[in-house]
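The structure under discussion appears below in the form of structure tokens.
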Amino acid sequence: MLEVSGLDVRYGPITAVRGIDLTAEAGTITAILGANGAGKSSLMKAISGLVPAAGGSVKLDGEDITRLPAHERARRGLSHALEGRRLFHRMTVEENLRVAWDFRSKGGSFRAVADRAYETFPMLTTRRHTPAGMLSGGQQQMVILSAALIHEPRYLLLDEPSLGLAPVIVQQIFGFIEAVCRERRTTIILCEQVAALALRVAHHGYVLRRGAVVQQGPAAALASDPSLSAAYLGN
Ligand code: ATP
């Protein structure tokens with residue numbers, strides 16, 4: 001279980017996250033929702049250690065990891081797939097996976113783990129020797145997810161997996177995310193501006209506004225709550 005208590009994130013005089021409490025139960029999908037600038041990415045980065053917490057704590061399976069550097073959190077099974085297309089565009093799909101492998105702290109065989117990625121995303125199999133920059137946005141997102149899964153994380157943080165993708169591709173990506181959670185028992189925390197789709201696959205959701213949680217609950221209840229207005233979600 002991941003437990004965030006009273007978390008604050010500041011950038012100089014700007015407070016991006018204020019006093020957030022959040023719990024992600026093992027084996028579930030948690031959606032963090034909110035409009036542009038609500039603080040979603042800052043919360044995710046403070047969980048994975050990419051920005052420091054100015055206050056509060058982050059606990060992973062009971063261990064306080066608030067002061068641990070990002071690579072130590074990764075060693076404990078926390079993987080963060082960042083927003084956008086953070087890929088090596090001139091490298092092939094397979095080479096991108098190999099780079100992720102080089103940062104893997106566990107042992108094992110690259111071939112076995114890479115083949116598991118191709119099993120999860122069969123569409124990549126025929127594209128394995130294609131430079132990542134030549135792929136469609138959806139396929140690039142699949143490579144980003146595959147690279148994160150190379151670490152076989154127990155906890156996977158996904159920053160805006162729908163960003164810039166056509167609706168039909170977004171549905172497919174969310175389908176894969178749901179399957180990863182179900183089949184690998186990976187605990188997934190994803191942040192999204194596209195609330196409706198995220199709530200369809202999530203078990204629990206949090207809505208942020210100006211760095212604070214303004215609403216939370218089971219995803220189904222949030223999805224059917226008419227008070228979750230355009231003002232909070234931006235859609
Ligand atoms: P988006 O969907 O646009 O990524 P978000 O909900 O993820 O939005 P954050 O990116 O966490 O929101 O930003 C929250 C606030 O912190 C915003 O006011 C933003 O301008 C500010 N902010 C984010 N990163 C920095 C930074 N590196 N330096 C200064 N301010 C920042």
Side-chain angles (χ1 to χ4, degrees), residues 29 31-32 36 40-42 44-45 47-51 69-71 73-75 77-184 186-194 197-198 201:
I29 301 178
I32 299 170
N36 206 354
K40 305 179 297 295
S41 300
S42 300
M44 302 274 279
K45 285 179 186 165
I47 292 173
S48 62
L50 296 179
V51 300
H71 69 271
R73 299 185 201 204
R75 264 167 46 94
L78 194 74
S79 187
H80 191 169
L82 288 165
E83 171 182 16
R85 316 260 170 267
R86 308 281 177 107
L87 290 175
F88 298 100
H89 286 235
R90 290 186 186 184
M91 289 177 145
T92 65
V93 169
E94 180 103 354
E95 285 165 350
N96 269 280
L97 297 185
R98 177 67 77 171
V99 170
W101 173 261
D102 288 343
F103 286 96
R104 187 177 135 116
S105 50
K106 289 179 189 160
S109 126
F110 170 72
R111 203 56 270 152
V113 179
D115 285 347
R116 195 161 181 215
Y118 294 126
E119 241 170 64
T120 306
F121 302 105
M123 208 181 286
L124 294 181
T125 310
T126 54
R127 313 289 271 159
R128 64 172 77 191
H129 301 303
T130 304
M134 308 274 287
L135 302 178
S136 69
Q139 289 168 342
Q140 289 186 1
Q141 186 61 49
M142 289 175 200
V143 181
I144 289 172
L145 289 172
S146 300
L149 289 172
I150 285 280
H151 302 283
E152 298 183 305
R154 291 181 301 125
Y155 293 85
L156 178 59
L157 303 178
L158 300 175
D159 209 327
E160 308 237 14
S162 76
L163 199 72
L165 302 181
V168 58
I169 307 294
V170 174
Q171 274 193 10
Q172 220 176 26
I173 295 286
F174 274 108
F176 286 126
I177 291 170
E178 197 176 26
V180 165
C181 173
R182 196 178 52 241
E183 288 163 17
R184 303 185 183 217
T186 310
T187 307
I188 295 174
I189 299 157
L190 59 91
C191 72
E192 261 302 337
Q193 287 189 48
V194 187
L197 266 180
V201 300

Within the structure provided, determine whether [X] and [Y] are in side-chain contact (heavy-atom separation under 4.5 Å).
X    : Y    : result
K45  : H80  : yes
S146 : L124 : yes
M44  : I32  : yes
L149 : L156 : yes
I169 : Q172 : yes
I144 : L158 : no
E160 : C191 : yes
E95  : V99  : no

If you look at every heavy atom in [X] and [Y], which pair is closest and at what distance?
X    : Y    : result
L87  : V143 : CD2-CG1, 3.8 Å
L135 : R127 : CD2-NE, 3.7 Å
A148 : A81  : CB-CB, 4.1 Å
A100 : A147 : CB-O, 3.6 Å
P161 : L165 : O-CD1, 3.5 Å

Measuring from atom [atom1] of [X] to atom [atom2] of [Y], what distance do you get when rounded to the nearest 0.5 angstrom?
X    : Y    : atom1 : atom2 : result
D102 : I150 : CG    : CD1   : 10.0 Å
Y155 : T187 : OH    : OG1   : 5.0 Å
S41  : D159 : OG    : CG    : 4.0 Å
R154 : L78  : CZ    : CG    : 9.0 Å
S136 : Q141 : OG    : CD    : 10.5 Å
M142 : I173 : CE    : CD1   : 4.5 Å

[X] side chain vs [Y] backbone, donor-acceptor pair below 3.5 Å:
X    : Y    : result
R184 : E152 : no
Q139 : M123 : no
Q140 : A132 : yes

**Asked** Taking only residues at least two apart or on different chains, which pairs with a member in residues 111-146 satisfy ring pair (Phe, Tyr, Trp, His ring centres under 6.0 Å)?
**Response** F121-F176
**Message:** Could you work out, with salt bridge (Lys or Arg N to Asp or Glu O under 4.0 Å) as the rule, every residue matching R111, not counting sequence neighbours?
**Reply:** E94, D115
